[in-house]
K.L.:
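Can you read through this structure? Questions will come right after.
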Number of protein chains: 2
Amino acid sequence: MESIAKREYVSPAVIRRLPRYYRFLGTLLGRGVTRISSREIAEMMGLTASQIRQDLNCFGGFGQQGYGYNVEVLRAEIGRILGLDKGFRAILVGAGNMGKAISNYVDFANKGFNLIAIFDKDPAKIGTRVAGLTIKSTEEITDFCLTHKPDVAVLTLPLQATKGMLDILVAAGVTGFWNFTHYDILYDYPHCAVESVFLEDSLMTLSYLVNDRRESE
Amino acid sequence: MESIAKREYVSPAVIRRLPRYYRFLGTLLGRGVTRISSREIAEMMGLTASQIRQDLNCFGGFGQQGYGYNVEVLRAEIGRILGLDKGFRAILVGAGNMGKAISNYVDFANKGFNLIAIFDKDPAKIGTRVAGLTIKSTEEITDFCLTHKPDVAVLTLPLQATKGMLDILVAAGVTGFWNFTHYDILYDYPHCAVESVFLEDSLMTLSYLVNDRRESE
DNA sequence: TAGATTGTTAATCGATTAACAATC
DNA sequence: TAGATTGTTAATCGATTAACAATC
């Protein structure tokens with residue numbers, strides 16, 4: 001509302017660096033560092049000072065000439081840019097291994113998200129508790145969404161079930177997705193906010209790196 | 001050994017697209033498609049034909065003028081480039097929520113990996129079974145690595161325990177890491193092959209996208 | 001042979017880095 | 001004021017796209 005100036009188009013490359021800055025500044029804050037220059041950040045993070053200043057200036061001038069940046073202020077600004085102060089509501093769909101792990105392991109609250117419900121299709125799972133929530137039936141999902149208006153859905157369900165569930169969720173007003181399936185959401189729903197985690201692609205990338213390292217020996 | 005020609009330096013941008021090509025060609029193969037042109041791939045994947053041809057030609061000429069690419073051959077070539085045929089051995093360290101989910105949910109075998117052991121520090125977990133393996137004590141990890149020579153370690157342990165474990169693993173000859181912690185492995189061990197999955201950064205990126213979508217309404 | 005599509009070179013675009021005037 | 005460091009413009013670098021000759 002206030003403070004955040006500029007911002008017309010910001011490239012994905014810049015956006016993906018913001019969480020890292022946010023984390024890094026949190027670490028500094030924990031160490032009691034109050035002030036830092038772009039040069040110091042660059043050295044510690046393995047980037048260039050230019051890049052950091054360019055990145056930050058996509059959103060506004062958060063520093064002060066001759067001084068640098070106030071760690072606490074800068075971190076708060078980046079948090080605001082990321083929307084971590086918005087208290088977005090999330091639901092999770094698919095309480096299998098991955099769904100359980102994500103709901104237990106990921107610190108939603110600390111990233112400003114409120115995980116308000118978990119859904120599964122399997123009657124054996126419905127009613128059991130995961131991450132402090134009682135698993136609900138996917139049959140209730142439309143009603144739930146119309147009532148509680150979640151901002152995002154975490155998709156940890158099998159690929160075959162994804163298309164159908166997506167149609168239901170979008171129809172019920174959900175527009176953000178943390179996607180752990182290989183389903184190409186933006187192809188069907190180009191106006192949604194989608195962030196995908198392709199674990200198996202990541203593993204294949206590691207395979208390439210390991211293999212490449214071997215061959216160059 | 002044979003077929004794979006060229007390859008001096010290949011940019012990370014290209015490498016990250018290979019798993020997606022591999023998956024896509026697998027889907028085509030499942031549909032019985034035997035032949036495809038770069039133009040068709042581009043349309044279906046939302047890329048340009050030029051980019052696909054450029055990417056593939058980092059590794060060699062897998063197509064045929066006037067014909068296009070043989071789906072099965074191209075997929076096999078990309079699989080070989082990724083090292084999926086190498087049968088790399090993997091161990092997993094940290095059998096908490098995330099470790100259990102990864103070992104159960106991720107199809108290691110189908111990506112050419114052999115998950116041969118799971119380790120944890122917690123005596124209550126040691127001896128129990130996960131993903132068909134009996135959890136071993138981290139005290140055995142050096143001996144195990146010296147004997148079985150795993151190529152990669154999946155790191156799903158708490159941040160505080162990571163540095164110490166990394167020193168042990170590297171000393172025991174492990175040089176590849178699938179990293180789910182926020183620990184900066186390459187800073188300490190620049191010669192390792194590291195692929196990191198920063199789930200919380202991904203969630204913050206989603207937060208940005210959702211927030212941005214709201215503000216532009 | 002004619003048509004199609006690759007492999008590859010050249011042109012464009014975007015992102016990163018360098019430089020420096022503004023200013024705290 | 002002098003020193004430091006930002007915000008911003010200009011230069012460089014790399015990646016993507018376009019074009020086309022080679023060839024199946």
Side-chain angles (χ1 to χ4, degrees), chain A residues 3-18 20-21 24-25 28 33-78 81 205 208, chain B residues 3-18 20-21 24-25 28 33-78 81 205 208:
Chain A
S3 66
I4 300 173
K6 311 187 178 185
R7 180 156 28 169
E8 290 179 23
Y9 169 78
V10 180
S11 81
V14 174
I15 296 166
R16 300 219 151 265
R17 280 192 290 269
L18 296 178
R20 227 186 129 215
Y21 293 145
F24 177 77
L25 292 165
L28 286 184
V33 180
T34 55
R35 164 190 166 177
I36 197 155
S37 70
S38 58
R39 185 182 48 74
E40 291 171 297
I41 301 177
E43 273 171 22
M44 297 169 95
M45 295 186 73
L47 303 170
T48 66
S50 267
Q51 182 167 59
I52 289 160
R53 293 205 298 278
Q54 286 275 30
D55 284 357
L56 296 177
N57 278 91
C58 292
F59 303 98
F62 305 132
Q64 199 170 315
Q65 278 101 330
Y67 174 88
Y69 300 87
N70 177 298
V71 175
E72 194 166 359
V73 168
L74 184 56
R75 181 167 181 271
E77 290 287 0
I78 295 175
I81 292 163
T205 302
Y208 177 92
Chain B
S3 65
I4 300 173
K6 311 187 178 184
R7 180 153 34 167
E8 292 182 20
Y9 169 78
V10 180
S11 82
V14 174
I15 296 165
R16 300 218 151 266
R17 279 191 290 269
L18 295 179
R20 228 187 128 214
Y21 293 145
F24 177 76
L25 292 164
L28 286 185
V33 179
T34 56
R35 163 192 167 174
I36 196 156
S37 70
S38 58
R39 185 181 48 75
E40 291 171 297
I41 301 177
E43 273 171 23
M44 295 170 95
M45 294 186 73
L47 303 170
T48 66
S50 266
Q51 181 167 59
I52 290 160
R53 294 205 300 277
Q54 286 275 30
D55 284 357
L56 297 177
N57 279 91
C58 293
F59 303 97
F62 304 132
Q64 199 170 314
Q65 278 100 331
Y67 175 88
Y69 300 88
N70 176 298
V71 175
E72 193 164 359
V73 169
L74 184 57
R75 180 167 182 271
E77 290 288 0
I78 295 175
I81 292 164
T205 301
Y208 177 91

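In this text the structure is predicted, and so the values were computed from the model without any measurement. By convention in this document, chain letters (A, B, ...) are assigned in the order of the sequence lines, proteins followed by strands, and residues within each chain are numbered from 1.
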K.L.:
Just the rounded figure in Å: distance from P of D/dG7 to CD1 of A/Ile52.
P.N.:
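Whole-Å distance recorded here is 12 Å.
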K.L.:
Defining pairs by Watson-Crick or G-U wobble geometry with both distances under 3.5 Å, how would you list the stems of DNA chain D with at least three pairs each?
P.N.:
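The stems are C:3-24 with D:3-24.
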K.L.:
Between A/Arg20 and A/Met45 (side chain of the first, backbone of the second, donor and acceptor by atom type, cut-off under 3.5 Å), is there such a pair?
P.N.:
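Present.
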K.L.:
Taking C-beta and beyond as the side chain, do A/Val14 and A/Phe59 meet within less than 4.5 Å on heavy atoms?
P.N.:
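In contact.
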K.L.:
Considering non-hydrogen atoms only, spot the tightest contact between B/Thr34 and B/Tyr67 and give its length.
P.N.:
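Closest heavy-atom pair between B/Thr34 and B/Tyr67: O-OH, 4.5 Å.
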K.L.:
Please figure out whether B/Gly68 or A/Asp55 has its closest DNA chain C nucleotide nearer the 5' end.
P.N.:
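Closest to the 5' end, via its nearest nucleotide, is B/Gly68.
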K.L.:
Identify the heavy atoms of B/Ile41 and B/Phe24 that sit nearest to each other, and give their distance.
P.N.:
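It is CG2-CE2, 4.0 Å.
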K.L.:
In whole angstrom, what separates B/Arg39's CZ from C/dG7's C1'?
P.N.:
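One finds 17 Å between C1' of C/dG7 and CZ of B/Arg39, rounded.
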K.L.:
Assign a letter to each nucleotide of nucleotides 17-24 of chain C from its 5' end: B, base within under 4.0 Å of a protein heavy atom; S, sugar-phosphate only; -, no contact.
P.N.:
BBBB-BBB
K.L.:
According to a strict under-4.0 Å criterion, is A/Tyr69 in side-chain N/O contact with OP1 or OP2 of D/dG7?
P.N.:
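Answer yes for this pair, as a side-chain N or O of A/Tyr69 is under 4.0 Å from OP1 or OP2.
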K.L.:
To the nearest angstrom, how far is B/Leu56 atom CG from D/dT16 atom C1'?
P.N.:
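Answer to the nearest Å: 15 Å.
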K.L.:
Enter the distance from A/Ile36:CD1 to A/Met44:CE here, rounded to the nearest 0.5 Å.
P.N.:
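Spacing of CD1 (A/Ile36) from CE (A/Met44) equals 5.5 Å.
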K.L.:
Taking the six-membered ring of A/Tyr69, is NZ or CZ of A/Arg35 closer than 6.0 Å to its centre and within 45° of its axis?
P.N.:
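Checked: cation-pi criterion not met.
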K.L.:
Rounded to the Å, how far apart are A/Leu74 CG and D/dT6 C1'?
P.N.:
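Nearest whole value for this atom pair: 13 Å.
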K.L.:
Is B/Leu74 close to B/Leu56 at the side-chain level, that is, under 4.5 Å between some pair of heavy atoms?
P.N.:
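The answer is yes; the side chains approach within 4.5 Å.
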K.L.:
A/Arg16 CZ to C/dA15 P: how many Å, rounded?
P.N.:
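The distance from CZ of A/Arg16 to P of C/dA15 comes to 14 Å, rounded to the nearest Å.
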K.L.:
Let me have the donor-acceptor pairs involving side chains of residues 48-55 of chain B, under 3.5 Å, with sequence neighbours excluded, atom names and distances please.
P.N.:
| from | atom 1 | to | atom 2 | distance (Å) |
| --- | --- | --- | --- | --- |
| B/Thr48 | OG1 | B/Gln51 | N | 3.1 |
| B/Arg53 | NH1 | B/Ser38 | OG | 2.9 |
| B/Asp55 | OD1 | B/Arg17 | NH2 | 3.1 |
| B/Asp55 | OD2 | B/Arg17 | NE | 2.6 |
| B/Asp55 | OD2 | B/Arg17 | NH2 | 3.4 |
| B/Asp55 | OD2 | B/Tyr21 | OH | 2.6 |

K.L.:
Rounded to whole Å, please give me the gap between CD in B/Glu77 and P in C/dG7.
P.N.:
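In whole Å, C/dG7 P lies 11 Å from B/Glu77 CD.
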K.L.:
Measure the spacing between CG of B/Leu28 and CZ of B/Arg75 and express it to the nearest 0.5 Å.
P.N.:
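These two atoms lie 10.0 Å from each other.
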K.L.:
Which whole-number value in Å describes the distance from A/Arg35 CZ to D/dA4 P?
P.N.:
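The distance from CZ of A/Arg35 to P of D/dA4 comes to 11 Å, rounded to the nearest Å.
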K.L.:
Please state how far atom CG in A/Asn57 lies from atom P in C/dT16, giving the value in whole angstrom units.
P.N.:
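Result: 15 Å.
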K.L.:
Of the nucleotides D/dT5, C/dT16, D/dT8, which has the atom closest to the A/Arg17 side chain?
P.N.:
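Within the option list, the nearest is C/dT16.
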